[in-house]
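Notes follow once the structure below has been shown.
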Amino acid sequence: MAQLTFELPDGSTREIDIVQVLNAGYAGRSQDDVAAHIAELAELGVPTPSVTPTLYPVAPYLAQQIDRVAVQHRRTSGEAEWALVVAGDGELLLTAACDHTDRDLEVHGVAWSKNAGPDVLARRAWRLADVESRLDDLTLRAWVSHDGTETEIQHGTLGELLTPAYWVDVLRSRDALTPGTVLISGTIPMAPGVDQFADAWRVELGDPATGDTIRLAYDVRPMPEPIG
């Protein structure tokens with residue numbers, strides 16, 4: 001079991017024992033865009049989901065607050081996302097997340113690929129209730145680094161994704177809206193022509209109304225070659 005600590009804007013903290021992690025997929029609010037994305041992925045050999053949006057259970061220990069991700073090969077990448085975290089008293093928190101995925105494994109099974117890397121979460125969070133009235137205006141951005149040069153790869157708003165309220169209803173219907181649950185939102189499109197197989201990822205969840213930004217960043221480090 002992982003234990004994560006989140007700092008709120010008022011300086012208080014929440015320590016949460018993570019018992020369940022769920023990764024949403026194909027979670028764009030426009031399902032026409034989702035269908036087009038599925039067709040693109042199918043050309044790359046990624047299996048077509050039977051329903052959309054999807055929801056993939058992930059091992060709880062993969063929810064991590066780290067600044068380095070170890071990978072087995074170079075074809076892995078992150079995805080800028082928001083995360084809904086259920087605190088011990090049932091309070092709902094919103095934070096930034098980056099789902100680091102094994103793209104080679106993805107063609108054999110998306111659920112497998114989601115369990116081959118961590119879901120990196122930021123160390124700060126907002127109370128969902130404090131930003132709920134302006135959720136669609138919150139910004140989600142990501143940058144990748146190659147040999148020290150950083151390039152923006154994702155830039156959008158939460159209005160492009162299914163809402164936390166949608167997923168709260170889904171979790172409640174599954175009796176899964178319980179303390180220690182983390183729901184990762186699914187992602188926004190990546191900029192064409194930007195190499196996602198990077199040396200580092202950085203993600204920001206921003207609130208234009210207040211100027212506050214929740215950030216995370218990590219390096220991607222290949223592990224040594226196996227022996228035997």
Using modelled atom types only, decide if a donor and an acceptor are shared between the side chain of [X] and the backbone of [Y] within a distance under 3.5 Å.
X      : Y      : answer
Ser145 : Ala200 : no
Asn115 : Ala59  : yes
Thr163 : Tyr166 : yes

Query raised in the report: How about Gln72: does its CD atom have over 12 heavy atoms from other parts shown lying under 6.0 Å from it?
Result: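 At most 12 heavy atoms, drawn from other residues, nucleotides or ligands, come within 6.0 Å of this atom.
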
For the atom pair [atom1] ([X]) and [atom2] ([Y]), what is the distance rounded to the nearest 0.5 Å?
X      : Y      : atom1 : atom2 : answer
Gln64  : Leu62  : CD    : CG    : 6.5 Å
Phe6   : Ser12  : CZ    : OG    : 13.0 Å
Glu132 : Leu94  : CD    : CG    : 9.5 Å
Arg127 : Arg14  : CZ    : CZ    : 5.0 Å
Asp195 : Arg74  : CG    : CZ    : 10.5 Å
Phe197 : Arg103 : CZ    : CZ    : 7.0 Å

Query raised in the report: Between Val220 and Asp199, is a side chain to side chain contact (heavy atoms under 4.5 Å, CB included) present by the stated rule, with each step listed?
Result: CA-CA 5 Å; Val220 179; Asp199 303 324; 5.7 Å; no

Query - Connected via hydrophobic side-chain network under 4.5 Å: Leu158 and Leu22 - result: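 Shared cluster, yes.
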
Distance-only criterion, 3.5 Å: show the donor-acceptor pairs between side-chain atoms of residues 177-193 and protein atoms not counting sequence neighbours.
from, atom 1, to, atom 2, distance (Å)
Thr178, OG1, Thr181, OG1, 3.2
Thr181, OG1, Gln20, NE2, 2.9
Thr181, OG1, Ala176, O, 3.1
Thr181, OG1, Thr178, O, 3.0
Ser185, OG, Trp82, N, 3.0
Ser185, OG, Trp82, O, 3.3
Thr187, OG1, Ala80, O, 2.7
Thr187, OG1, Gln154, NE2, 2.7

**Report entry** Pairs flagged by side chain to side chain donor-acceptor pair (under 3.5 Å) wherever residues 201-214 is involved - sequence neighbours left out
**Finding:**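 Qualifying pairs, neighbours excluded: Arg124-Asp212, Trp126-Asp212, Arg134-Asp207, Glu150-Arg202, Arg202-Glu204, Glu204-Arg215, Asp207-Thr210.
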
Query raised in the report: Is the closest basic N to carboxylate O distance between Lys114 and Glu79 below 4.0 Å?
Result: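 Yes.
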
Query - All pairs passing salt bridge (charged side-chain N to carboxylate O under 4.0 Å, His left out) where residues 175-185 contributes a residue, at least two apart - result: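 Sorted pair list comes back empty.
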
